[in-house]
Amino acid sequence: MTDLRSVDRVPAEDLPQVLHGAPAAVLMIDLSVRRVVYANATAIELTGDRVTLPVDVDRWSDAAGLTDLGGRRMSETGSPLSLVAAGVPVAGEPVAVRDAARTGDSVTAEQRDASEGRLLWVTGFALSGVAEPGAGPLGLDSRALVVFQQLSGTEHGNRRHLEVLRDRAVVATDMSFTITDPRRPDNPLIWVNPSFTRLTGYALDDVVGRNCRMLQGPNTDAATVQRIGDALRRREPITEVLLNYRRDGTAYWNQLSVSPVYDGTGELVNFVGVQNDVTERVIVEQERRAALAEAEAARSQLRLLAEATTQMTEALDVADACARLARIVVPQLADLCAVDLLDRPGGTLTRLAVAARERGDEERLRRLGELRSYQAGGPSAVGQVLVGEDPVLISDAPERGADGLPDDPRAAEVYDQLRLRSVMVVPVRARGRVLGTLTLFTQHPYGRRYGPLDLHLATDLAGRAGLTVDNARLYETEHAAAATLQRSLLPVVPDVDGLQIAARYLVGADGNQVGGDWYDVLPLPDGAVGIAVGDVVGHDLAAAAAMGQLRGVVRSYAWEGRGTGSVLDRCDQLVQGLEMAAMATAFYARLEPAVDGSRILRYSNAGHPAPLLLAPDGTLTRLDERRSPMIGAVPRFGRADGPVRAEVEVCCPPGSVLVLYTDGLTDMLGADADERTDLIERTVAALPAGVDAETVVERVLVACAPRRLRDDVALLAVRITA
């Protein structure tokens with residue numbers, strides 16, 4: 001016995017339309033006078049207003065424009081309609097439909113081809129064996145039923161398909177027909193053909209006088225039954241597919257087509273039903289749709305995994321990676337999501353990220369995490385997963401918090417507010433260690449029940465998240481170590497009488513590598529103050545080592561009291577002679593006291609971005625005069641037989657501000673370096689009079705530092721107070 005109960009809830013719009021076109025055209029013929037006495041709406045459409053019932057069968061045939069496949073009128077041949085009117089059953093014959101005005105020999109070949117473009121399949125038989133009580137002298141045993149069904153376009157106008165048409169006779173012979181009488185209470189059956197008995201197991205005597213609802217069962221769709229009932233009350237034709245039951249209780253899918261039949265006065269006298277067992281086709285369609293749904297689900301999972309991987313690999317840190325993961329899975333996989341991580345193996349668990357479909361639930365989810373205080377090895381699902389147990393799937397979570405958390409009334413209250421339906425807890429694991437947990441929830445009323453496939457997907461997501469988190473932690477550790485090493489190579493800014501000095505150093509995107517940016521402020525024995533800023537090419541330990549060496553060389557030569565150009569020349573000789581670095585930019589200046597209380601600034605520039613000098617009256621000067629090539633760029637620079645770097649002198653009255661920076665402020669992806677330089681200059685020029693050095697560096701960084709640094713930034717501000 002075929003059990004179809006698992007497929008009885010398929011939406012009607014998803015079921016295949018087995019019959020082609022509109023509901024069948026149905027005629028009833030009075031065999032005693034060869035007249036069409038009843039016709040449903042579809043049959044009336046074939047003749048339009050050209051005839052009035054009752055009408056002779058041949059006249060009806062001409063009015064409908066019926067011909068044989070050769071184009072001859074049905075009235076001129078032994079047509080299927082004439083055979084039925086003579087009491088001869090027709091198991092199934094094709095007829096063509098043409099314009100009723102085109103008759104006889106005047107039909108051209110083109111018109112004949114056009115007529116063959118629309119084919120009807122004719123089935124007819126006498127309704128013998130049952131008299132219709134109360135129907136008068138014209139009982140059912142004196143009538144015949146004729147059904148016209150339109151064939152699909154694959155056979156139109158192609159005589160090579162006649163064999164296919166003949167094969168349809170078997171199908172037509174096996175069609176189940178029923179007739180009901182809507183003039184009687186409950187619209188009972190008054191006739192069924194033998195095919196109905198073979199299909200349902202009910203004999204004629206079993207069904208006459210009963211309504212067709214006897215075929216319905218526990219899993220028949222009530223909405224479909226309602227639609228059929230509404231159509232019958234409106235006296236409209238309808239075709240539906242619904243689950244019916246045979247007399248022995250076996251289920252089958254039935255495509256039912258019901259048409260109203262009117263007499264010549266327009267009175268409704270019968271409903272004719274045509275039933276087809278379409279179980280095999282429905283099951284095939286359901287299997288096809290299930291396969292498509294499964295394929296689409298697989299594609300959705302792959303898209304989710306790809307999106308999650310892309311998003312998490314772009315994360316800046318551990319917290320960002322967890323937040324991205326939570327936002328990705330809601331609402332695609334979960335209504336609520338929580339990501340909890342251990343600060344170290346066996347350490348404290350922290351809820352780093354939450355996401356929720358509805359506003360307000362994120363805070364409730366955080367609150368639930370605080371109240372539960374999950375611990376590794378504890379009795380909760382999270383605690384078990386943290387110590388390496390298998391992922392946890394709770395397809396049906398307790399409906400009440402008091403049932404799920406009987407020992408914690410406060411947590412139970414939050415649980416009830418979250419309306420949890422289904423839960424998954426999977427480990428966030430990397431390199432053999434459990435780093436934390438990913439917990440996913442669905443909620444009533446719209447959340448689905450999680451199953452094994454969902455758990456597999458969540459485990460895959462958590463595994464990818466684990467690698468991202470572990471890599472982010474390693475990056476943060478290396479980043480912190482590199483930043484510490486970087487800053488250890490930079491000097492502590494000294495306190496110098498008559499000067500305010502402020503400095504900042506920002507680590508770029510590759511902060512786990514040590515860069516070559518540096519700055520220095522050095523009080524000299526002769527009362528001057530040496531100021532330097534530079535950038536060694538490269539972002540690795542070699543660049544950092546070269547930076548340290550170069551800063552030491554500058555300090556050494558500056559201490560000797562050499563001029564600024566001479567200091568940079570000696571650095572160039574040493575770099576090239578000892579191969580300390582490939583190349584570097586550097587700016588070195590001396591601030592020397594003057595008699596009138598001002599300071600004399602003497603500087604030389606070896607390919608470095610020009611520092612800025614803001615005078616007390618607001619005048620901004622770019623210190624770019626007589627720039628020379630980068631250190632290490634030109635062989636023999638500074639030697640007796642080579643070029644010598646020049647020194648430029650500028651007077652700096654009290655209140656002047658000197659701003660020095662490296663190219664990390666101007667090196668921004670997608671931006672023009674000259675525009676970035678102009679932005680820095682506008683920012684410095686807009687500083688108010690009397691601004692202190694700390695404010696200078698803060699305002700410059702706020703206005704000019706890229707949101708994501710590609711390179712390190714060294715920034716130094718010196719304000720002359722006296």
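No hydrogens, no waters, no symmetry mates; every other heavy atom, side chains included, goes into these values.
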If the threshold is 4.0 Å, N to carboxylate O, is there a salt bridge linking [X] and [Y]?
X: Arg504; Y: Glu694; value: yes
X: Asp678; Y: Arg682; value: no
X: Asp340; Y: Arg372; value: no
X: Arg421; Y: Asp335; value: no

Closer than 3.5 angstrom, by distance alone: can the side chain of Ser422 be matched with the main-chain N or O of Tyr450 as a donor-acceptor pair?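 Pair found, side chain donor or acceptor close to backbone of Tyr450.
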
Donor-acceptor check, side chain of Arg676 to backbone of Leu665, threshold 3.5 angstrom: yes or no? yes

Are Leu333 and Leu461 side-chain neighbours, meaning at least one heavy-atom pair lies under 4.5 Å? yes

Say whether Ser604 and Arg645, considering side chains only, have a donor N or O and an acceptor N or O under 3.5 Å apart. no

For the residue pair Asp535 / Thr662, report whether a side-chain donor-acceptor contact shorter than 3.5 Å exists.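 Judged by distance alone, the side chains do not pair up.
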
Residue Asp495 excluded, over 12 heavy atoms near CG under 6.0 Å: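 Check fails, neighbour count at 12 or below.
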
Let me know which of Leu336, Asp361, Thr442 forms a side chain to side chain contact (heavy atoms under 4.5 Å, CB included) with Arg419. Asp361

After noting the C-alpha distance and the side-chain angles of Arg366 and Glu363, does the key distance pass the salt bridge (charged side-chain N to carboxylate O under 4.0 Å, His left out) rule? CA-CA 5 Å; Arg366 289 189 185 277; Glu363 185 56 37; 5.0 Å; no

From NE2 (His608) to OH (Tyr661), nearest 0.5 Å: 8.0 Å

Pairwise distance CG(Leu591) to CZ(Arg602) - rounded to 0.5 angstrom: 11.0 Å

What residues form a ring pair (Phe, Tyr, Trp, His ring centres under 6.0 Å) with Tyr603, not counting sequence neighbours? Phe587

